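These notes concern the structure reproduced below.
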Amino acid sequence: MNKVALVTGGTRGIGESISKLLNENNYTVIASYNSNDEAAQKFASKNEIEIKKWDVSSYEETKIAIEKLKSKYGQIDILVNNAGITKDAPLHKMKKEKWDAVINVNLNSIFNLTSNVINDMRDNGFGRIIHISSVNGQKGQFGQTNYSATKAAMEGFSKSLALESASKGITSNVISPGYINTEMVAAIREDILSSIIETIPAKRLGESNEIAEMVLYLVSEKAGYINGATFSINGGLYMD
Ligand code: NDP
């Protein structure tokens, strides 16, 4: 039987590539999204992948959504915590609403999702959990105290989870992309984006598929000994 993979924010951008690549490789995929029905419908019309709409920053909505998915699919074997947002401002100008929104969507969501699938994974003796972080969580970025804090926090979460769950056949790993060619990056002002690309040793943006390929490997049975690791995919922009 196909393994079941839940990809949050799986209908657009990096998540869309992850959903498609897993689906092409015989995983049963559910792609979640929040509000962009048009993009989600377009995605659904082109792919045989179930889409499911809810706000991952809500614990209650997440719990209900996962219960429904479990009653349909039996279990979630693979979780890709990919949904994320930015709401930039330098800290001296940042309103609490921007801070709270980013913490809730990017960080609280990973508790909401992971805590609702982890017990079944432990009972089944198999699980793959991937967290999509960011280079800006590793190196910091002007205007992104909120975003960088959430992305750095993912690494601590992932490593602790790896320690707790490795003996149950579960792996928890982080992928930390650099600047990837998606709508999130297209929203950056053109002159700022050009100057960012100048600083990337590869002199180009990454493509969503370059992230998806790493996910595909990490969720496979072959990758069972890779745990608590972080994989930077950033064209050489930041090395640690
Ligand atoms: P996009 O903005 O293209 O897509 C974001 C996806 O997340 C959408 O499907 C969106 O749903 C979903 N989403 C947002 N908020 C919520 C929510 N509250 N509940 C459920 N789903 C939600 O993002 P990217 O593909 O660019 O980024 C994906 C991940 O990769 C993010 O975590 C981002 O931080 C990270 N990343 C991206 C980089 C880049 O260069 N693009 C670089 C480094 C990291 P909807 O369509 O309904 O809005």
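No experiment lies behind these values; they were computed from the predicted model shown. Below, all heavy atoms of this structure are taken into account, side chains as well, without hydrogens, waters or symmetry copies. Counting convention: from 1, in listed order, for ligands and their atoms alike.
Proximity of Ser133 to ligand 1, defined as any heavy-atom pair under 4.0 Å, is confined to the backbone N, CA, C and O atoms. At a 4.0 Å heavy-atom cut-off, ligand 1 touches Ile180 through backbone and side chain alike. Residue-level proximity to ligand 1 for Pro177 is carried by backbone and side chain together, each with a heavy atom below 4.0 angstrom. Contact annotation for Thr182 and ligand 1: only side-chain heavy atoms (C-beta onward) come within less than 4.0 Å of the ligand. Neither the backbone nor the side chain of Lys53 has any atom closer than 4.0 Å to an atom of ligand 1 (non-hydrogen atoms only). At a heavy-atom cutoff of 4.0 Å, ligand 1 is contacted by the backbone of Trp54 but not by its side chain. In Thr8, neither the side chain nor the backbone holds a heavy atom less than 4.0 Å from any atom of ligand 1.
Not one N or O of Ser32 is nearer than 3.5 Å to an N or O of ligand 1, by distance alone. For ligand 1, the polar-atom distance check finds no N/O of Met184 at less than 3.5 Å from any of the ligand's N/O atoms. Below 3.5 Å of separation, one finds an N or O of Asn36 facing an N or O of ligand 1. At least one N or O atom of Ile14, backbone or side chain, sits closer than 3.5 Å to an N or O atom of ligand 1. Between Ser57 and ligand 1, not a single N/O pair is under 3.5 Å apart. For ligand 1, the polar-atom distance check against Ser134 finds no nitrogen or oxygen pair separated by under 3.5 Å.
Checking Val174, Ile18, Asn81, Val7 one by one against Ile132, the side chain to side chain contact (heavy atoms under 4.5 Å, CB included) holds for a single residue, Ile18.
Scanning the protein for heavy atoms near atom 3 (O) of ligand 1, the closest one is Arg12 NH1, 3.6 Å. Counting protein heavy atoms only, atom 11 (O) of ligand 1 is closest to Asn34 N, 3.4 Å.
Residue-ligand proximity, Val185 to ligand 1, at heavy-atom distances under 4.0 Å covers atoms 39 (C), 40 (O), 41 (N). Less than 4.0 angstrom separates some heavy atom of Asp55 from each of these atoms of ligand 1: 17 (C), 18 (N), 19 (N). Atoms of ligand 1 lying under 4.0 Å from at least one heavy atom of Ala83, given by number and element, are 7 (O), 13 (N), 21 (N), 22 (C), 32 (O). In the vicinity of Tyr179, heavy-atom distances shorter than 4.0 Å reach the ligand 1 atoms 40 (O). Remark: ligand 1 atoms within the under-4.0 Å shell around heavy atoms of Ile85 are 14 (C), 15 (N). Every atom of ligand 1 with a heavy atom of Gly13 under 4.0 Å away is listed here by number and element: 3 (O), 25 (O).
Atom NZ of Lys42 has 12 or fewer neighbouring heavy atoms from other residues, nucleotides or ligands inside a 6.0 Å radius. The number of heavy atoms from other shown groups lying within 6.0 Å of NZ (Lys222) does not exceed 12.
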Residues Lys68, Glu50; criterion salt bridge (Lys or Arg N to Asp or Glu O under 4.0 Å); working and verdict:
CA-CA 13 Å; Lys68 283 190 185 149; Glu50 175 166 352; over 6 Å; no

Item to check | Criterion side-chain hydrogen bond (donor to acceptor under 3.5 Å, both in side chains) on Glu38 and Asn36, from CA distance to verdict | outcome: CA-CA 6 Å; Glu38 197 184 330; Asn36 191 333; over 6 Å; no

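Distance CG/Asn124 to CG/Asn119: 10.5 Å, rounded to 0.5 Å.
Residues Phe157 and Val135 fall into different hydrophobic clusters, defined by Ile, Leu, Val, Met, Phe, Trp and Tyr side chains chained together at heavy-atom separations under 4.5 Å.
A donor-acceptor pair is defined here as one N or O able to donate and one able to accept, closer than 3.5 Å; no such pair exists between the side chain of Asn108 and the backbone of Ser57. At distances below 3.5 Å, not a single donor-acceptor pair connects side-chain atoms of Ser176 with backbone N or O atoms of Phe231. Counting only distance, with no hydrogens or angles, the side chain of Asn106 and the backbone of Tyr147 share no donor-acceptor pair below 3.5 Å. Side-chain N or O atoms of Asn227 include one that pairs as donor or acceptor with a backbone N or O of Ser172 at under 3.5 Å.
In this structure, Ala39 has no heavy atom closer than 4.0 Å to ligand 1. For Ser109, the heavy-atom gap to ligand 1 stays at 4.0 angstrom or more.
Judged purely by distance below 3.5 Å, without hydrogens or angles, the side chains of Asn136 and Gln144 pair a donor atom with an acceptor atom.
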